[in-house]
There are 2 protein chains.
Amino acid sequence: MGPYKIDEVSKASGLTKRTIRYYEELGLMPPPSRTDGGMRLYTQEHIDRLKQIVNARDILGSSLQEIQAFVAIREELQDYKKAYGQTVDKAEKRRQLEKTRPMIEKQLQMLDEKLEKMTQFRRDIGQIYQRVCIALDQEHTPNEGV
Amino acid sequence: MGPYKIDEVSKASGLTKRTIRYYEELGLMPPPSRTDGGMRLYTQEHIDRLKQIVNARDILGSSLQEIQAFVAIREELQDYKKAYGQTVDKAEKRRQLEKTRPMIEKQLQMLDEKLEKMTQFRRDIGQIYQRVCIALDQEHTPNEGV
DNA sequence: GTTAACGTTGACGTGAACGTTAGGTTTGGA
DNA sequence: TCCAAACCTAACGTTCACGTCAACGTTAAC
């Protein structure tokens with residue numbers, strides 16, 4: 001359990017070594033201690049911190065490509081609606097819908113996952129907030145009392 | 001209200017003209033019609049679509065800098081915890097906490113906004129999904145019945 | 001004490017998501 | 001009809017978030 005070298009941290013966090021150094025450079029992570037030779041020595045706290053960052057990144061970081069997938073669903077449905085009155089071929093409509101359904105299901109699953117992680121995140125921060133408030137109250141009231 | 005030129009769309013959506021053209025290029029938006037001279041003519045639907053994209057982008061797109069703000073709060077609190085047993089100066093601790101509290105409040109507000117938008121987003125997709133399922137059921141069942 | 005595996009710091013490369021500039025065309029009002 | 005304002009495409013520049021390569025130093029096992 002002692003100090004970890006960067007490769008172990010990489011495997012534990014799922015990030016590449018490059019990314020770990022990059023995050024340190026950005027200041028996302030406190031710089032770890034070093035050996036006399038200059039090698040980085042990480043603690044468990046560093047790993048936890050990186051996992052938090054990865055979590056937050058997964059929730060909050062989506063590319064335009066991913067966003068496109070979401071908006072595309074609505075368009076497909078709009079296309080379907082437009083074609084609804086015109087298309088004579090019911091089987092064709094059906095095939096189209098059957099194609100889009102699994103896509104929507106996938107998006108819903110992704111959204112639910114992100115929502116869950118996000119609410120968990122919210123709870124964490126909320127708890128921290130409460131502790132801060134309590135601490136502030138406790139230090140404030142006694143001076144006024146008696 | 002008639003066709004919109006790109007500058008009006010820009011003001012209505014909050015995106016720059018460059019970004020609007022870029023999103024079209026990416027296929028995030030259906031290409032608008034053109035005048036004989038080649039000028040883009042947008043409809044209200046285009047504007048709505050862009051607003052959806054902006055919304056989704058605001059929810060899902062955060063940089064590492066923004067993520068850093070979230071993670072930083074935890075670190076500050078950890079620092080506080082560490083110093084809790086050692087610091088003799090209670091006023092100093094209090095000042096530190098009073099400094100972090102508004103930061104946490106801001107983060108909470110941001111998170112709540114994102115959460116609300118996200119759940120709304122989720123509801124929308126869920127409704128679309130239901131309509132698709134119903135449509136598939138309706139076209140399926142009658143052929144089997146009576 | 002040698003050596004292979006792993007670490008370090010630059011430095012350049014890359015794709016995404018635009019900003020900016022250049023050079024030319026279109027539009028709409030005086 | 002003329003002209004400024006707004007539009008167009010094309011192309012290069014930029015920042016972020018890393019990947020990748022080179023050249024070199026450190027560790028740990030044998």
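The sequence lines fix the lettering, A, B, ..., with proteins before strands; numbering per chain opens at 1.
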Pairwise ring pair (Phe, Tyr, Trp, His ring centres under 6.0 Å) hits with a residue in residues 31-59 of chain B, at least two apart: B:Y42-B:H46
ring-ring contact (aromatic ring centres under 6.0 Å, His included) filter on A:Y23, not counting sequence neighbours, yields none
Would you mind reading off the distance between A:L26 atom CG and D:dT15 atom P, rounded to a whole angstrom? 15 Å
With sequence neighbours left out, the residues meeting salt bridge (charged side-chain N to carboxylate O under 4.0 Å, His left out) with B:R40 are B:E24
Scan residues 92-119 of chain A for pairs that pass ring pair (Phe, Tyr, Trp, His ring centres under 6.0 Å), counting only residues two or more places apart or in two chains. none
Pair listing, side chain to side chain donor-acceptor pair (under 3.5 Å) test, anchored in residues 6-15 of chain A, at least two apart: A:D7-A:K11
Is there a side-chain contact between A:Q65 and the phosphate of C:dA17, meaning an N or O under 4.0 Å from OP1 or OP2? yes
Output one line per pair: protein atom, nucleotide atom from nucleotides 27-30 of chain D, and distance, for all N/O pairs under 3.5 Å.
| unit_1 | atom_1 | unit_2 | atom_2 | d |
| --- | --- | --- | --- | --- |
| D:dT27 | OP1 | A:T35 | OG1 | 3.0 |
| D:dT27 | OP1 | A:G37 | N | 3.2 |

Atom CD of A:Q68 and atom C1' of C:dC18 are separated, to the nearest Å, by 16 Å
With sequence neighbours excluded, tell me which residues meet side chain to side chain contact (heavy atoms under 4.5 Å, CB included) with A:E98. A:R94, B:L136
In whole angstrom, what separates A:L28's CG from D:dA17's P? 9 Å
Roughly how many Å is it from CZ in B:R34 to C1' in D:dC8, rounded to a whole number? 8 Å
Does a side-chain N or O of B:R40 approach OP1 or OP2 of D:dC7 to a distance below 4.0 Å, or not? no
Taking the side chain of B:L64 as heavy atoms from C-beta outward, which of D:dT9, D:dC18, D:dC7 is closest to it? D:dC18
Name all residues meeting the side chain to side chain contact (heavy atoms under 4.5 Å, CB included) criterion together with A:Q68; count only those two or more places apart in sequence or in a different chain, and write none if there are none. A:Q65, B:L28
What residues, two or more places apart in sequence or in another chain, satisfy side chain to side chain contact (heavy atoms under 4.5 Å, CB included) together with B:R123? B:Q120
For the pair A:Q44 and A:D48, evaluate side-chain hydrogen bond (donor to acceptor under 3.5 Å, both in side chains) and give the outcome as yes or no after the intermediate values. CA-CA 6 Å; A:Q44 183 61 42; A:D48 293 345; 3.1 Å; yes
For A:D58, give me all partners under side chain to side chain contact (heavy atoms under 4.5 Å, CB included), at least two apart in sequence or on another chain. A:V54, A:K117
Between C1' of C:dT27 and CD1 of B:I6, the distance in whole Å: 15 Å
Quick one, A:Y129 and A:I125 - any side-chain contact, counting heavy atoms below 4.5 Å? no
Note: contacts of residues 48-57 of chain B with DNA chain C (heavy atom, under 4.0 Å) are B:R57
Of the residues in residues 12-25 of chain B, which ones touch DNA chain C at a heavy-atom distance under 4.0 Å? B:T16, B:R18, B:T19, B:Y22, B:Y23
